[in-house]
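Worksheet: one structure, shown below.
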Amino acid sequence: MNEIRPKATVPSAEVASRIALPAQDEDVATLRRAVVAKLTYAVGKDPIVANERDWFVAVALTVRDRIVDRWMPSTRSNYASGDKRVYYLSLEFLIGRLLYDSLNNLGLTDTMRAALSELGVDLDRLRSSEPDAALGNGGLGRLAACFMESMASLSIPAYGYGIRYDHGLFRQVIKDGWQQEYPEDWLSFGNPWEFERPEVEYPIGFGGSVEPVSEDGATRYVWHPGDVVDAVAYDTPVVGWRGRHVNTLRLWSARATNPLRLDAFNEGDYVGAHSGRVWAEAISDVLYPSDETPAGQELRLRQEYFFTAASLQDLIRRHLNQHKDIRTLPDKVAIQLNDTHPAIAVAELMRILVDLHNIPWAEAWEITNATISYTNHTLMPEALETWPVALMGRLLPRHMQIIFMINGLHLDSLRQSGKNDDALLSSVSLIDEQGGRRVRMGNLAFLGAHKVNGVSALHTDLLKQTVFRDFNSVYPDRIVNKTNGITFRRWLFEANPGLTRLIVDAVGERAMDDAGELTKLAAVAGDASFQEKYAANRRAKKAALSDLIAERLDIKVDPDALFDVQIKRIHEYKRQFLNILETIALYNAMRAQPQRDWVPRVKIFAGKAAASYHRAKLIIKLINDVAKVVNSDPTVQGKLKVVFLPNYNVSLAENIIPAADLSEQISTAGMEASGTGNMKLALNGGLTIGTMDGANVEIYDRVGADNIFIFGLTAAEVTKRWSGGYDARATLAASPMLSDVFDTIYSGIFSPGESGRYTGLLDGLLNDDRFLVTADFDAYYARQRDVATLWRNREEWWKAAILNTANVGFFSSDRTIREYSDEIWNVHPRTD
Ligand SMILES: *Cc1c(COP(=O)(O)O)cnc(C)c1O
């Protein structure tokens, strides 16, 4: 119950004690009775006929009660203290499953396991009954989920705001090696974690016209939207570590204001009677399967405005209830924009302040700027969102006027301060005037925010040098760095309980609260008995993953082989292509010398390609075609296996990461803003093979050159290569190994019956190797041989792995959130 809506918004201590909550019941018998009661009265099933799904719902509801018991006091104390709140606006929250997360954070995992076992139910099997909440594409959405968990763990009063998509990211099926997309139906059996709030509903307008109204010699603007859609709230409580604090993830669902046109219905037009509803509710229907390119669709812009406007109405209502004065917004509210998707918030907040609250423009601008901050996630020009002026003017006519006004005042003030350079003015303009006018959402977010952050040290430097170079010269203090992080509760404690136990045994329980304690592991990195236990845990995780591979793909892999893992969205800049070319080179080498003592290796890939991204989908096909040939070739004697695990999501990541020996982080330098997969794998002791890109640079700084395999061009070298007119054909001609790989593919052995299948893919590399695959190939191949050499030295390998676990405490999202709190939000973790 995060809403306390009665007149007295802040309950007195006395009132709070009268409505005191029941004591926590955490012994096995009580928990068992609670689960049976939920099964009986909430699910409506007799324990003797209940299926696994029914038990899962009963357990989830039981756990949720215990979260709610902490949610109410958290919310009450937020109101009582009047502390500033953080509002994290994100079009994506890739949360995955919540059962283990919640149980672990409440400290109830063992009690629940025991309670269920008395009922003949296995907790670990129930886990797989929970669908993944796949409300995100990849890193950006997962970051939002990790941040929600860390904010709760640090007792920072916070709300996450996003969209409750009926269908999250598509379900990937591999058929004949090709990716196929199917709708993800995560809600088809209901969602036991959430609370529907039909009473929390806001109208969201689109289109229509703007009417100037004269009042006391001044002009006010009144927007009369042409259409209105309602946003309805669904709340999921997010419990922090050790159950200390609970925050709210509030996701909006679209509802038609008039779901049924009775006149049409009565005339027999049953379909037409519902058309308004279909149109309105499409807004929260699906997550667009791309965070790299603007979908270019009007519906996407509708989604962005829909959730931003609903969130602003909600947070301003809460602010006014409690603090009465909208002018104090920046003292009580910090709004973080996760990328540009919610950047329309800048114009919407101005509209609310100026048009609805009559705040003078200049003061409104100060309030907006002091309240909002913005996280940039990409430098790739095609991924920087822009919208045609014509579209925005039609869909959001008042916002378009406000954006022009902001822009005009901004450019005028620059000219007045002597900055007359046309190139500078056009680069910091909110409107791109080149070929069809477009609104630049990145520039809008930059200008409207008091802080703009990059997500790794390198990325932040590049932001200052490239996309926001001119902005940075005008506002030199605005860009700051906040290197991403991951929550260790999910990516270590939950995904790898065996390693967690080892760590606690070696360095003490405090490591579970303070990631800095992990450094103490360095003392035992060379210790034979610790190494043995560490290796045994990895072996067990690899055996489990081998079983999963056998079950899902009917491929047998050797758990003692080196597990070489690349798991992330399939994209040319991430260079799965480079990895599969190296795999083919290794395959050729093995065939040439089958008797050599090859290190057995399993190449494991997983990831989805955007449905419209044909080259990425062709790369998936190539990986699967190579797998088919290599896995059945007797000459390699099982020493090389290639595996593509379908439908990459958070749960699959939790299965793969603890089993990874080698972590592939091989993006073209300068293109991966941070990466967080790299952190998860290093934490679990996977050694990185990677370029000096994103957070790899900071991982390198912390684990040391001996414990990471760096190769390839640096970001500066990449830029130089591009400007020097790079010739991939010459590079290919200079590399016998790569030429051989090309010939192997051209020969058609991976595409029997269609020898030209990959001609376009390879020719594409030769004609325009934007991602410098050919340039980095030889260096990558050589580094992979160094990996094999270290692998043979078991003591040195395990020492390096342990030193990775020991030295990546910095990448805890708790550290990231503390930095945002101190340097951007000005909020201070409470101790309650
Ligand atoms: C961590 C994570 C990502 C991000 O991976 P990168 O390697 O940083 O791109 C994407 N998807 C899922 C499911 C994740 O858990």
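Every number for a ligand or one of its atoms is a count from 1 in the order of the listing. Quick caveat: nothing in here was measured; it's all calculated off a predicted structure.
The distance from ligand 1 to the heavy atoms of G139 drops below 4.0 Å at these ligand atoms: 3 (C), 4 (C), 10 (C). Listed by number with element, the atoms of ligand 1 under 4.0 Å from a non-hydrogen atom of V650 are 13 (C).
In this structure, W252 has its ring center at least 6.0 angstrom away from the ring center of Y234. Between F771 and F577, the distance separating the two ring centers is not shorter than 6.0 angstrom. The distance between the ring centers of H571 and Y613 falls below 6.0 angstrom. Two rings, from F170 and Y182, have their centers 6.0 Å or more apart.
Look at E572 and R615 and you find a salt bridge, because one of the NZ, NE, NH1 or NH2 atoms lies within 4.0 Å of a carboxylate O, short of that distance.
The single protein non-hydrogen atom nearest to atom 15 (O) of ligand 1 is K680 NZ, 2.6 Å, given as residue, atom name and distance. In this structure, the protein non-hydrogen atom closest to atom 10 (C) of ligand 1 is G138 CA, 3.6 Å. Here the heavy atom of the protein found nearest to atom 11 (N) of ligand 1 is Y648 CE2, 3.4 Å. Looking at atom 5 (O) of ligand 1, its nearest protein heavy atom turns out to be G677 N, 3.7 Å. The shortest contact between atom 8 (O) of ligand 1 and any protein heavy atom is with T676 N, 2.8 Å. Considering only non-hydrogen protein atoms, atom 9 (O) of ligand 1 sits nearest to K574 NZ, 2.7 Å.
Between K568 and ligand 1, an N or O atom pair is found at a separation short of 3.5 Å. Considering backbone and side-chain atoms together, W491 places no N or O closer than 3.5 Å to any N or O of ligand 1. Considering backbone and side-chain atoms together, G675 places no N or O closer than 3.5 Å to any N or O of ligand 1.
Residue contacts with ligand 1 for N649 involve N, CA, C or O but no side-chain atom from C-beta outward (heavy atoms, distance under 4.0 Å).
A heavy-atom separation below 4.0 Å is not found between R569 and ligand 1.
Of the residues listed (S812, S813, S153), the one engaging R489 in a side-chain hydrogen bond (donor to acceptor under 3.5 Å, both in side chains) is S153, and it is the only one.
Closest approach of T483 and E819 over heavy atoms only: N-OE1, 4.4 Å.
For the atom pair CE (M441) and CD (E304), the distance works out to 6.0 Å, reported to the nearest 0.5 Å.
Classified by interplanar angle (parallel below 30°, tilted 30° to 60°, perpendicular above 60°), the ring pair Y780/F711 is tilted.
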